[in-house]
Amino acid sequence: VSTIILEKRQKLSLISGRKAILPVGVGALRFEGLHDRESSKEDLFQGLEYLASSRGVPELDKKEVPVLGIAAPSESGKTEFLRWIFNNCCTVSLNAGDAANNLLGRINAASPPNVAKLDRLIVLFASFNQKSTYNIREGPIVVTAIKRLVRSYQGRTDMQGFDADDAERNNLEDLVNAFSEEDKTTGFVVCIDELSKLRQLNSSA
Amino acid sequence: MDTLLTFSQITLSRGGFFAFVGSSLFIYDFGEVVIQSSGRALREIKFPSSADTMEKKTADFVSESQVFAGAASRQAEMSFFLKVALQVARSSPNMKDWNRIANSRTKVEIPHIVYDIPKEIGPDYVFLLAARMAFGKQREKKFNRERLHAVVDLLHGNADLRPSESNNIHERWPEITVTLSLPPWQLLHFDFEAQHRKFPQVQNWVLVELQRLFYMDGPTDAVKTWELATMGLLELRKAMIQVNEEKNPTLSEVLSGLGVLTKVSKTILRKIATEECAANSYQDLPEGSEACDKPCVFYAQKSNEEGVEGVFRNAYEDLALFFQMKLYHTATPKEISCWLQKAHDHADSLGYKKGSYVVMLFVTDTVVQNLKNNQSAWPQNSMVFADDAIDNLFKPFGDGLFVEMVKSRRRQKQE
């Protein structure tokens with residue numbers, strides 16, 4: 001019983017507050033955000049619309065569910081871009097504004113009429129870059145990824161140790177359940193910095 | 001990876017919404033992890049999107065924050081050096097370079113980058129890529145991981161995936177076809193050791209003079225450098241056309257598109273560029289009767305070489321190109337005719353026969369229409385590079401650099 005209560009509390013603590021925002025880097029601050037990424041943002045939005053158009057399609061082929069990917073050399077602002085998505089495209093974010101609501105509107109408009117409109121869009125973030133490397137001692141990388149995604153909701157991307165009260169979330173279903181809210185349809189955008197590090201999933205899957 | 005994407009697939013199928021957005025240092029990583037190993041697809045978010053906006057934002061930041069207000073010396077050149085600094089940053093995706101410019105306090109700090117020629121591609125290919133971008137002739141090609149890594153990661157070039165058949169989705173790997181771009185500015189980011197030619201297509205002096213002009217001298221101290229760099233650009237243009245077209249261009253083809261005003265015979269314009277690249281020399285100008293078997297730019301050293309700065313021998317078959325720079329003057333049509341005549345007189349005095357040479361005059365602060373109206377008064381076999389033509393010559397290294405140099409000179413005179 002105590003475990004169930006604890007899990008419920010954790011879930012409540014995660015969903016009751018607005019999502020924290022991640023600090024942006026010096027470059028983004030100096031230039032007042034990543035305003036030079038307009039066409040990249042549009043690529044992103046169109047990619048999400050493309051995925052939304054597949055909602056409710058029963059015979060969906062795996063090729064029809066692409067990863068939306070950014071490939072660029074180091075120090076070119078990839079992480080900043082993902083942080084921008086995290087901070088600005090999430091409707092439950094502390095600073096949720098027009099960008100998030102517009103994106104939600106675009107996703108709903110692109111969705112087939114027979115599926116429920118999304119009420120909320122949650123963006124989570126996990127990094128596997130050189131500042132937040134993965135150590136095999138952390139356990140399966142999928143669990144690490146999920147933990148990092150969950151912690152990002154609280155604006156925490158530090159990789160120093162793990163909370164003792166972290167609930168066991170071993171798969172994405174657990175993650176969705178943790179953030180879902182009754183009577184509301186929630187969509188998820190998961191940002192993974194240096195996604196290729198998850199290649200270890202291929203061998204462990 | 002497939003586990004995660006299967007979840008996304010199932011969620012979408014059931015009417016939910018679950019999307020993955022990922023970043024990677026390298027397009028091949030997506031190829032291996034997403035496409036090959038997982039049998040999934042990639043939809044590319046093009047990145048970086050536009051350097052123009054960042055450049056403008058940096059310039060605005062620098063100007064609005066008055067960070068250079070304390071720069072006591074060379075105030076007139078500030079815009080020029082800022083333009084150069086931005087051009088360097090524009091050639092690099094590295095955010096640190098942008099920050100470094102914005103962090104400059106008392107003078108513009110030009111990000112200094114020095115590359116090595118990657119062993120995976122070699123110097124001739126580096127030059128070819130820059131030449132293609134300078135002329136907008138990038139090509140799609142299949143590249144392996146090592147070559148892509150060399151261009152994109154080591155030289156900060158750019159790789160655009162070939163647009164896929166539908167919805168920008170890529171499903172095939174390793175059959176990656178990309179268009180590689182390497183900004184011409186990158187050619188200046190190498191160490192040019194004496195005695196060693198960095199690129200087979202041009203001698204080092206061509207790039208060294210440009211490097212000196214942009215990074216060190218600037219318009220104020222660039223009296224000679226500017227002139228040498230301009231001649232270097234002419235040679236560079238020839239070499240770039242040579243590799244792009246895979247043939248030796250004619251003089252007419254090298255001048256095409258620059259907007260040079262010419263009064264030159266068709267026979268001369270049809271002369272073909274020599275295969276070999278030009279050396280430079282600071283010896284006395286050779287006389288017309290002196291044989292010259294290789295292309296070479298001779299700079300006048302003697303003060304009595306009146307009316308010419310030098311002569312470019314054997315660049316186009318046996319043609320001699322005398323050149324004279326009047327880059328620090330406001331040129332009137334009458335003066336231009338006079339300068340051309342003086343140069344012709346000097347070529348004659350050195351024993352060059354009519355029809356064996358051309359005089360090239362570089363002038364600034366002119367009204368092109370006035371020049372055209374006065375063209376009939378020029379001696380036969382003359383050509384004039386006015387502001388637009390010189391600016392076009394500088395274009396591979398960024399729009400407006402030459403204009404900025406002229407403006408700096410003007411401001412300097414006023415101060």
Side-chain angles (χ1 to χ4, degrees), chain A residues 25-27 30-32 35-40 43-44 47-48 50-52 54-58 60 62-79 81-82 85 107 115-116 118 142 171-173 176 187-196 198-199 201-202 205, chain B residues 1-9 11-30 32-34 37-54 57-58 61 93-96 98-99 102 152-153 156 159 161 167-171:
Chain A
V26 179
R30 167 151 282 148
F31 305 116
E32 297 165 344
H35 289 191
D36 65 321
R37 306 294 191 205
E38 287 308 317
S39 71
S40 299
D43 280 352
L44 166 78
L48 294 172
Y50 174 81
L51 289 170
S54 300
R55 292 178 66 204
V57 177
L60 201 54
K62 65 198 305 193
K63 298 274 189 202
E64 293 174 276
V65 189
V67 167
L68 310 182
I70 307 155
S74 57
E75 296 292 342
S76 55
K78 295 185 298 297
T79 307
F81 188 69
L82 294 181
I85 300 170
I107 289 172
V115 296
L118 299 182
V142 68
N171 52 52
L172 291 171
E173 202 143 2
V176 167
F188 291 85
V189 175
V190 163
C191 299
I192 300 194
D193 199 13
E194 299 213 10
L195 180 91
S196 58
L198 296 185
R199 72 177 67 219
L201 270 175
N202 291 332
Chain B
M1 196 69 236
D2 194 41
T3 316
L4 298 181
L5 294 168
T6 300
F7 181 81
S8 176
Q9 184 185 346
T11 306
L12 286 168
S13 275
R14 289 176 181 166
F17 187 79
F18 201 100
F20 277 99
V21 182
S23 74
S24 166
L25 284 170
F26 208 57
I27 196 71
Y28 262 83
D29 288 330
F30 281 129
E32 286 171 357
V33 176
V34 176
S37 302
S38 307
R40 299 281 168 171
L42 167 75
R43 186 172 164 127
E44 191 189 11
I45 296 175
K46 289 214 187 302
F47 198 86
S49 52
S50 163
D52 294 341
T53 325
M54 186 59 108
K57 286 175 77 67
T58 309
F61 172 82
N94 200 319
M95 292 283 283
K96 279 181 189 159
W98 297 102
N99 284 326
V152 177
D153 294 342
H156 288 155
L161 275 177
N167 289 313
N168 197 25
I169 291 172
H170 301 273
E171 299 175 354

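Given the structure is predicted, the values throughout are model-derived calculations rather than measurements. Throughout, protein chains are lettered first and strands after them, A, B, ... in sequence-line order, and every chain is numbered starting at 1.
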Side chain B/Ser23, main chain A/Glu194, donor-acceptor under 3.5 Å: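 Yes.
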Criterion side-chain contact (heavy atoms from CB on, under 4.5 Å) on B/Leu25 and B/Asp153, from CA distance to verdict: CA-CA 9 Å; B/Leu25 284 170; B/Asp153 294 342; 5.6 Å; no
Given that the side chain runs from C-beta out, which part of [X] has a heavy atom under 4.5 Å from chain B: side chain, backbone, both or neither?
X	result
A/Val189	both
A/Val115	side chain
A/Leu48	both
A/Glu64	neither

Largest heavy-atom contact set with chain B, pairs under 4.5 Å, which of A/Thr79, A/Val176, A/Ile192, A/Val67: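 Among the listed options, the one with the most contacts to chain B is A/Val67.
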When A/Leu44, A/Ile107, A/Leu172 are compared by non-hydrogen pairs under 4.5 Å with chain B, the top option: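 Counting heavy-atom pairs under 4.5 Å, the top option is A/Leu172.
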Chain A contact via B/Phe18 - which portion, at a heavy-atom distance below 4.5 Å: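 Contact with chain A is through both the backbone and side chain of B/Phe18.
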Check: B/Arg40 and B/Asp2 side chains under 4.5 Å, non-hydrogen atoms: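 The answer is yes; the side chains approach within 4.5 Å.
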Inter-residue atom distance B/Leu42.CG - A/Leu195.CG, 0.5 Å rounding: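 That separation rounds to 9.5 Å.
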Pairwise distance CG(B/Leu12) to CZ(B/Phe17) - rounded to 0.5 angstrom: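 Atom-to-atom, B/Leu12:CG and B/Phe17:CZ are 6.5 Å apart.
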Cationic N near anionic O, under 4.0 Å, A/Asp193 to A/Lys78: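 Salt bridge: no.
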Residue, of B/Ala159, B/Gly39, B/Gly22, that accumulates the most heavy atom pairs under 4.5 Å with chain A: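 Option with the top pair count is B/Gly22.
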